[in-house]
Number of protein chains: 2
Amino acid sequence: MFELDMRSRQPIYEQLVDKLKELIISEVLKPDEQLPSVRTLAGQLTINPNTIQKAYRELETQGYIYSVKGKGSFVNPISLVENSDKLVSVIKELKKLLSEAMYLGLKPAELIELIHDLESSIGGGKNDD
Amino acid sequence: MFELDMRSRQPIYEQLVDKLKELIISEVLKPDEQLPSVRTLAGQLTINPNTIQKAYRELETQGYIYSVKGKGSFVNPISLVENSDKLVSVIKELKKLLSEAMYLGLKPAELIELIHDLESSIGGGKNDD
DNA sequence: CTAACTGTACTAATACTCGCAGTACAGTTG
DNA sequence: CAACTGTACTGCGAGTATTAGTACAGTTAG
């Protein structure tokens, strides 16, 4: 399913969170789609189920998935707009990073390009409220 | 000079790096201005000089300041445009964060606002190459 | 040169994180 | 009940992070 870098300084569970997040955001994993069970994925990746569970728990905390005891873990379809707290903190980070990037010489025009780039790759199959 | 949260999970030296970075980016600290010595600042904040030094070293590595043995640490005036490597990594982070923010419901229009906001607060006293 | 300042290097203790392992419990489904 | 699912808890071992303490090195003023 993915590749992990065991030698990386970035923890395994964190790599998992990142990759799964990407898959969810890009809608490779569809809403309500079931994720592999902690034991299955652990077997495939030959790592400890506990590590998977840690990643799943993190994703659930962040609102990307939901887990049901006895059934499995699934991609969260509602999510998102509800977690305005999260949006706020993400925007805070964003502002910090943006000011840094612009300080380093990123031109507004280049930034706009970046945004359009993302718009097309994400908004491609989304709802327009 | 600043306030530190000793109870935070974020290391002290990292808090220092963040705050100093902000001061430099916003030009509260002017180019070539001398920073407080590691011992002075450590005394003021009642923390270990080594912690300050670690923050300063990090800032130097990232190109925000330069230090001269026996003289002191100073805000780096050239900096920036030279570190294109850094710009690249910042942009990478930026893309990740942007896609997350947009997934969470951030509208492009709101993003543009953010940018204009930063433009005026940063570009206010800068060179237009 | 000396004294008092500056940054820097090294070591050490402590605390935390990460990943693994094992065990046990709880809900679902057939 | 059996076999699957997620979840909780303990402990262990290795590594890393954080801070502190101490000592060294360059600069400057007298």
Side-chain angles (χ1 to χ4, degrees), chain A residues 1-21 24 29 32-77 79, chain B residues 1-21 24 29 32-77 79:
Chain A
M1 198 165 185
F2 348 74
E3 290 175 11
L4 296 176
D5 182 2
M6 310 303 284
R7 285 146 201 86
S8 168
R9 243 56 68 205
Q10 189 183 29
I12 296 178
Y13 84 94
E14 216 171 277
Q15 292 180 45
L16 274 170
V17 168
D18 278 358
K19 306 229 183 205
L20 286 169
K21 229 190 249 186
I24 293 173
L29 292 174
D32 282 319
E33 181 170 340
Q34 180 165 11
L35 299 172
S37 79
V38 290
R39 290 173 181 79
T40 301
L41 190 49
Q44 286 176 9
L45 300 177
T46 56
I47 59 181
N48 196 284
N50 242 322
T51 305
I52 310 288
Q53 213 261 322
K54 187 166 186 176
Y56 279 13
R57 191 196 313 150
E58 176 66 19
L59 285 168
E60 185 167 26
T61 300
Q62 291 190 27
Y64 285 91
I65 70 175
Y66 63 95
S67 298
V68 184
K69 210 184 270 188
K71 303 188 78 171
S73 299
F74 307 86
V75 176
N76 197 343
S79 57
Chain B
M1 198 165 186
F2 346 75
E3 291 175 10
L4 296 176
D5 182 3
M6 310 304 284
R7 286 145 200 86
S8 167
R9 242 54 69 205
Q10 189 183 29
I12 296 177
Y13 84 94
E14 214 173 277
Q15 292 181 46
L16 275 169
V17 169
D18 279 358
K19 305 230 182 204
L20 287 168
K21 230 191 246 185
I24 293 173
L29 292 174
D32 282 320
E33 180 172 340
Q34 182 166 10
L35 299 171
S37 79
V38 290
R39 288 173 183 79
T40 301
L41 191 49
Q44 287 176 10
L45 301 176
T46 55
I47 58 180
N48 196 284
N50 239 323
T51 306
I52 310 288
Q53 212 263 321
K54 185 164 189 176
Y56 280 12
R57 193 195 312 149
E58 177 65 19
L59 284 168
E60 185 167 26
T61 300
Q62 292 189 27
Y64 286 90
I65 71 174
Y66 62 95
S67 298
V68 184
K69 206 185 276 188
K71 303 188 80 171
S73 298
F74 309 85
V75 175
N76 197 343
S79 57

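Reminder, nothing fancy here: chain letters follow the sequence lines and each chain counts from 1. Because the structure is a prediction, the values reported are computed rather than measured. Note that these values count all heavy atoms, side chains included, but never hydrogens, waters or copies made by symmetry.
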Give me the atom names and distance for the closest heavy-atom approach of [X] to [Y].
{"X": "B:Gln10", "Y": "B:Gln15", "value": "O-NE2, 2.9 Å"}
{"X": "B:Glu3", "Y": "B:Lys19", "value": "O-NZ, 3.1 Å"}
{"X": "A:Leu41", "Y": "A:Pro36", "value": "CB-CB, 4.0 Å"}
{"X": "B:Val75", "Y": "B:Tyr66", "value": "O-CE2, 3.4 Å"}

Calculate the interatomic distance between [X] atom [atom1] and [N] atom [atom2]; express it in whole Å.
{"X": "A:Leu16", "N": "C:dC20", "atom1": "CG", "atom2": "P", "result": "10 Å"}
{"X": "A:Arg57", "N": "C:dG19", "atom1": "CZ", "atom2": "P", "result": "13 Å"}
{"X": "A:Asn50", "N": "D:dG6", "atom1": "CG", "atom2": "P", "result": "13 Å"}
{"X": "A:Leu35", "N": "D:dT7", "atom1": "CG", "atom2": "P", "result": "11 Å"}
{"X": "A:Met6", "N": "C:dC18", "atom1": "CE", "atom2": "P", "result": "14 Å"}
{"X": "A:Leu41", "N": "D:dG6", "atom1": "CG", "atom2": "P", "result": "10 Å"}
{"X": "B:Ile52", "N": "C:dG7", "atom1": "CD1", "atom2": "C1'", "result": "13 Å"}
{"X": "A:Phe74", "N": "C:dT28", "atom1": "CZ", "atom2": "P", "result": "12 Å"}

Looking only at C:dC20, C:dG7, D:dT19, the nucleotide nearest the B:Val38 side chain is C:dG7
OP1 or OP2 of [N] versus the side-chain N and O atoms of [X]: is any pair under 4.0 Å?
{"X": "B:Ser67", "N": "C:dG7", "result": "no"}
{"X": "B:Thr40", "N": "C:dC5", "result": "no"}
{"X": "B:Tyr13", "N": "D:dT18", "result": "yes"}
{"X": "A:Gln53", "N": "D:dT7", "result": "yes"}
{"X": "A:Asn48", "N": "C:dG19", "result": "no"}
{"X": "B:Ser73", "N": "C:dT6", "result": "no"}

Let me see the working for B:Ile65 and B:Leu20 under side chain to side chain contact (heavy atoms under 4.5 Å, CB included), right down to the final yes or no. CA-CA 10 Å; B:Ile65 71 174; B:Leu20 287 168; over 6 Å; no
Using a heavy-atom cut-off of under 4.0 Å over every strand shown, decide if B:Arg39 touches base, sugar-phosphate, or nothing.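 Touches a base.
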Within the 4.0 Å heavy-atom criterion, would you say B:Gln10 contacts the bases, only the backbone, or no part of the nucleic acid?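 No contact at all - B:Gln10 keeps every heavy atom at 4.0 Å or more from the nucleic acid.
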5' priority, DNA chain C, between A:Lys69 and B:Gly70 [closest heavy atom]: B:Gly70
Of A:Tyr56 and B:Lys71, whose nearest nucleotide on DNA chain D comes first from the 5' end?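 With A:Tyr56 and B:Lys71 compared, the 5'-side residue is A:Tyr56.
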